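Computed over heavy atoms, backbone and side chain alike; hydrogens, waters and symmetry mates excluded. Note that this is a predicted model, so its numbers are computed, not measured.
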Amino acid sequence: MYRHLIKIIYSVIIVLSISAYSQNKKEITIFSSFGTIPNTVDPKLYLELKKSSNTLTTLQLIEKIGRIHLLAGNTDSIIYYGNLLKTTTLKEKISDKQAYLSKANYIIGSGKLKNGLYDEAMKYFIEGISNSPISKMQIMHYKHQLGLGIVYLKQKQYDLVFPILKSCIKESKDEETIILAKKTLGDTYFEQQNDNEAKFYYLDALNNIPKNTFNKTRIEIQLNLGRIEAFHDRNIEAINYLIPIMKEAKDNQFYDLYIEIVYHVGRTYHKLGEYESAEIILNTAYVNAVQWNRLESQKKVIQMLKNLYVERKNYKNAYSLMTQYIDVSNQIIRKQNQKITKEIEVKYQTLQKEKEILSLKEEQLLKESEIKKEQTIKKAFLIGFLIILIPIIGLLFVYFQKLKTQIALNKSQEEVNTQKVYGLMKDQELNLIKATMEGQDNERQRLAQELHDSVGGNLASIKLQLSNTEKINDQQINIIKQIDETYNQVRDFSHNLIPKKFQKNSISTLVKEYIHNVKNGSDQNISFHPHPEDLIDQINPSFTEELFKIIQELLTNCLKHAKAKNVDIYLNHHKDSIQLLFEDDGVGFEIHKTVEGIGFKNIKNRLNHLSGNIHIDSAVTRGTVISIEIPLK
């Protein structure tokens with residue numbers, strides 16, 4: 001909670017610090033929205049739902065609240081009220097049970113779709129289709145068909161998308177469904193970069209929407225038309241599409257859509273080269289994304305801000321944003337795990353309650369007659385039992401609290417002892433490695449000196465004696481040549497025993513030289529950003545050698561497997577540690593399904609010797625970010 005609050009305060013300070021600039025930009029004044037708290041549902045509806053005693057009224061209120069959240073894009077609330085509508089419908093005996101089950105499945109499926117859980121969304125839409133026969137519920141049937149088509153679009157199964165959407169346009173009698181199907185067909189062509197067909201369906205859908213109505217689909221279409229213009233670098237035309245719909249989205253409480261529009265406006269200003277405007281807008285989008293807990297939106301905005309700072313050579317802020325990016329990614333993973341755990345827990349509790357209800361019903365049927373006869377005896381027995389039981393429970397509670405406290409203390413002490421032992425072992429291991437490395441260096445220097453002074457000196461003396469002979473025949477000339485070659489080999493061997501490049505050159509020089517050589521043989525755009533460079537270049541040669549080999553291994557892996565166009569390497573000296581951030585825009589990979597190769601194993605072995613740690617964030621088609629931290633002590 002505190003971290004969330006700090007993020008909001010940090011972003012507000014950024015926006016306020018550049019407010020003087022925004023006074024000269026009238027078009028930017030629309031972005032001052034970071035004080036807005038989403039409040040999409042009228043509190044009176046919650047009060048009516050709480051007081052409702054009529055089943056149909058209750059179902060109608062739940063559906064209404066769920067659809068309001070669906071329009072605003074509040075994904076957690078969408079799924080909650082969809083599930084509430086479904087469980088309430090299943091409990092009650094009503095004539096419209098199938099209709100309410102169909103509506104519940106549509107709301108839940110739409111929430112899962114917005115959360116990116118496509119397989120689960122597909123399950124609810126298919127179930128909704130079975131709940132909605134065309135003869136009885138034609139409108140809901142095609143709404144579920146349309147939802148299924150959108151799932152296939154998100155999964156890029158385009159051959160399945162087209163027949164579903166065209167069927168909805170042709171067969172559905174609901175104007176809203178037809179408009180949304182045309183808009184989704186435009187989205188499909190937009191995904192395939194067929195701009196002409198996309199524009200045709202977008203404009204066709206717009207012509208069927210009343211111009212003076214606040215319609216979310218109309219705003220979404222105008223957003224995508226603006227994105228098409230921006231894609232072709234027609235940035236002024238893109239701004240003309242995006243600016244008018246931004247305030248409209250916020251005023252109508254379409255919060256998910258509002259953040260998306262602000263993000264694309266900032267991106268377009270960035271492309272126009274108006275970096276100050278872009279920074280104001282993107283920071284505003286980030287404030288709202290944090291305040292409204294939109295983690296995926298936070299990731300997109302952070303990535304865009306990072307690119308903006310890199311382009312302006314503000315590497316310190318760029319690195320700070322990458323740290324936030326990793327933190328948000330971890331929050332998303334934790335949130336997804338918590339949701340899965342919560343769903344399993346709810347299912348388990350539901351089964352337990354059902355078993356308990358069945359058991360109670362059986363006992364009630366078997367013992368109903370006995371209960372009536374023995375009611376007075378049981379009451380007396382129960383009172384006496386409670387009188388005895390309450391003090392016992394109190395004592396047991398006190399005892400277990402003490403026992404729990406003692407266990408916690410023992411566990412804490414055990415952890416402290418374990419940490420101490422681990423620390424001592426780590427110190428011994430580091431001392432042993434250091435001594436081994438020093439011994440190897442000393443032995444190399446001694447061997448190099450012996451080869452150069454003793455063997456080299458003897459060879460030079462032999463050559464001198466042969467050369468001073470008055471008459472030199474051809475055989476002696478050949479021997480002198482062989483001695484020269486042997487002397488040069490001994491000298492080269494003695495020099496190679498000492499890695500001079502790591503003693504004489506700084507890490508920045510070595511990495512820049514290596515990147516320069518790599519770029520000459522490839523078409524990748526590789527950039528290296530040391531900060532602060534003077535402090536980084538002061539690290540000792542042995543550390544320089546290990547760090548250089550780690551960067552060399554990461555870049556080799558990237559060139560072999562990632563198919564990246566851009567590679568960014570950030571090397572920071574922060575407090576008592578070196579922080580390495582390696583980022584590419586390549587094909588990426590699934591972390592949990594990929595087997596580690598020799599390169600990553602070598603990197604981890606080097607980091608173990610240096611007491612360093614590594615964090616990898618990657619996904620298919622989204623590139624890879626590798627963060628490494630190594631203590632200097």
- side chain to side chain contact (heavy atoms under 4.5 Å, CB included) between Ser132 and Tyr142, intermediate numbers included: CA-CA 9 Å; Ser132 315; Tyr142 283 106; over 6 Å; no
- Task: Determine, stepwise, if the pair Asp119 / Lys123 fulfils salt bridge (Lys or Arg N to Asp or Glu O under 4.0 Å).
- Result: CA-CA 6 Å; Asp119 290 335; Lys123 181 185 75 173; over 6 Å; no
- Task: Would you check if there is a donor-acceptor pair between the side chains of Tyr309 and Glu279 at a distance under 3.5 Å?
- Result: yes
- Note on the structure: Sorted by chain and number, sequence neighbours left out, salt bridge (Lys or Arg N to Asp or Glu O under 4.0 Å) with Asp251 holds for Lys247
- With side chains defined as the heavy atoms from C-beta onward, is the minimum distance between Tyr152 and Ile164 less than 4.5 Å? yes
- Query: For Asp233, what residues pass the side-chain hydrogen bond (donor to acceptor under 3.5 Å, both in side chains) criterion, not counting sequence neighbours?
  - Reply: Lys271
- Query: NZ of Lys114: more than 12 outside heavy atoms within 6.0 angstrom?
  - Reply: yes
- Report the distance from atom CD1 of Ile209 to atom NZ of Lys182, rounding to the nearest 0.5 Å. 10.0 Å
- Query: Would you say the side chain of Tyr158 lies within less than 4.5 Å of the side chain of Leu153, judging by non-hydrogen atoms?
  - Reply: yes
- Item | Pairing residues for Gln157 by the side-chain hydrogen bond (donor to acceptor under 3.5 Å, both in side chains) criterion, not counting sequence neighbours | Gln155
- Message: Would you compute the distance between atom CG of Leu146 and atom NZ of Lys143 and round it to the nearest 0.5 angstrom?
- Response: 8.0 Å
- Enclosure of Gln303 CD (heavy-atom neighbours >12, cutoff 6.0 Å): yes
- What heavy-atom pair brings Ser618 and Thr624 nearest, and what distance separates the two atoms? OG-OG1, 3.0 Å
- Side chain to side chain, Ile68 and Asn74, heavy atoms closer than 4.5 Å: no
- Task: Name all residues meeting the side chain to side chain contact (heavy atoms under 4.5 Å, CB included) criterion together with Ser130; count only those two or more places apart in sequence or in a different chain, and write none if there are none.
- Result: Glu127
- Item | Set of ring-ring contact (aromatic ring centres under 6.0 Å, His included) partners for His144, sequence neighbours left out | Tyr106
- Note on the structure: Residues at least two apart in sequence or cross-chain that pass side chain to side chain contact (heavy atoms under 4.5 Å, CB included) with Lys604, listed by chain then number, are Glu596, Ile614
- Which heavy-atom pair separates Ala230 from Ala238 by the least distance, and what is that distance? N-CB, 3.7 Å
- Please step through side chain to side chain contact (heavy atoms under 4.5 Å, CB included) for the pair Ile129 and Leu148, ending with a clear verdict. CA-CA 9 Å; Ile129 291 170; Leu148 187 61; 4.2 Å; yes
- Roughly how far apart are Lys103 NZ and Ile62 CD1, rounded to 0.5 Å? 12.5 Å
- Could you note down all residue pairs passing ring-ring contact (aromatic ring centres under 6.0 Å, His included) where residues 114-137 supplies at least one of them, sequence neighbours left out? none
- Task: Have a look at Val567 and tell me which of Leu555, Ile515, Asn525 forms a side chain to side chain contact (heavy atoms under 4.5 Å, CB included) with it.
- Result: Leu555
- Atom pair OG (Ser102) and NZ (Lys86), whose distance is rounded to the nearest 0.5 Å: 10.5 Å
- Taking all atoms of both residues into account, what is the closest heavy-atom pair of Ile228 and Ala198, and its distance? CD1-CB, 4.3 Å
- Message: Can you pull out every ring-ring contact (aromatic ring centres under 6.0 Å, His included) where at least one residue sits in residues 167-193? Sequence neighbours excluded, please.
- Response: Phe162-Tyr189, Tyr189-Tyr201
- Note on the structure: Taking every heavy atom of Ala564 against every heavy atom of Asp584, the minimum-distance pair comes out as CB-CB, 3.8 Å
- Below 4.5 Å, heavy atoms only, C-beta onward: do Gln98 and Met137 meet side chain to side chain? yes
- In this structure, OG1 of Thr268 is separated from CG of Asn240 (nearest 0.5 Å) by 11.0 Å
- Does the pair Leu554 and Ile628 meet the rule for a side chain to side chain contact (heavy atoms under 4.5 Å, CB included), with working shown? CA-CA 11 Å; Leu554 288 172; Ile628 292 173; 4.1 Å; yes
- Query: What distance do Thr556 atom OG1 and Lys549 atom NZ have between them, rounded to the nearest 0.5 Å?
  - Reply: 13.0 Å
- Sequence neighbours left out, what passes salt bridge (Lys or Arg N to Asp or Glu O under 4.0 Å) with Asp585? Give chain and number order. none
- Query: Okay, side chain of Glu197, backbone of Leu185: is any donor-acceptor separation there less than 3.5 Å?
  - Reply: no
- Note on the structure: Sequence neighbours excluded, the answer for side chain to side chain contact (heavy atoms under 4.5 Å, CB included) partners of Asn557 is Glu553, His561, Phe600
- Item | Side-chain touch Asn252/Leu71, heavy atoms, less than 4.5 angstrom | no
- May I ask you to test the Leu580-Ile569 pair for a side-chain heavy-atom distance under 4.5 Å? yes
- Item | Those residues that, when tested against His69, pass ring-ring contact (aromatic ring centres under 6.0 Å, His included) (two or more places apart) | Tyr81
- Message: Looking at every heavy atom in both Met246 and Val265, which two are closest together, and how far apart are they?
- Response: SD-CG2, 4.2 Å
- Message: Quick check against the 3.5 Å criterion: does Thr177 have a side-chain atom that pairs as donor or acceptor with the backbone of Lys173?
- Response: no
- Task: I would like to know whether Arg218 and Gln222 meet side chain to side chain contact (heavy atoms under 4.5 Å, CB included); could you show each step before the answer?
- Result: CA-CA 6 Å; Arg218 178 173 58 79; Gln222 289 179 302; 3.4 Å; yes
- Below 4.5 Å, heavy atoms only, C-beta onward: do Leu113 and Ile150 meet side chain to side chain? yes
- Query: Should the pair Lys199 and Tyr202 be classed as cation-pi, given the thresholds of under 6.0 Å to the six-membered ring centre and 45° from the axis?
  - Reply: no
- Item | pair Asp617-Arg622: side-chain heavy atoms closer than 4.5 Å | yes
- Residues at least two apart in sequence or cross-chain that pass side chain to side chain contact (heavy atoms under 4.5 Å, CB included) with Phe200, listed by chain then number, are none
- Message: I need the minimum non-hydrogen distance between Ala181 and Cys168, along with the two atoms involved.
- Response: CB-CB, 4.0 Å
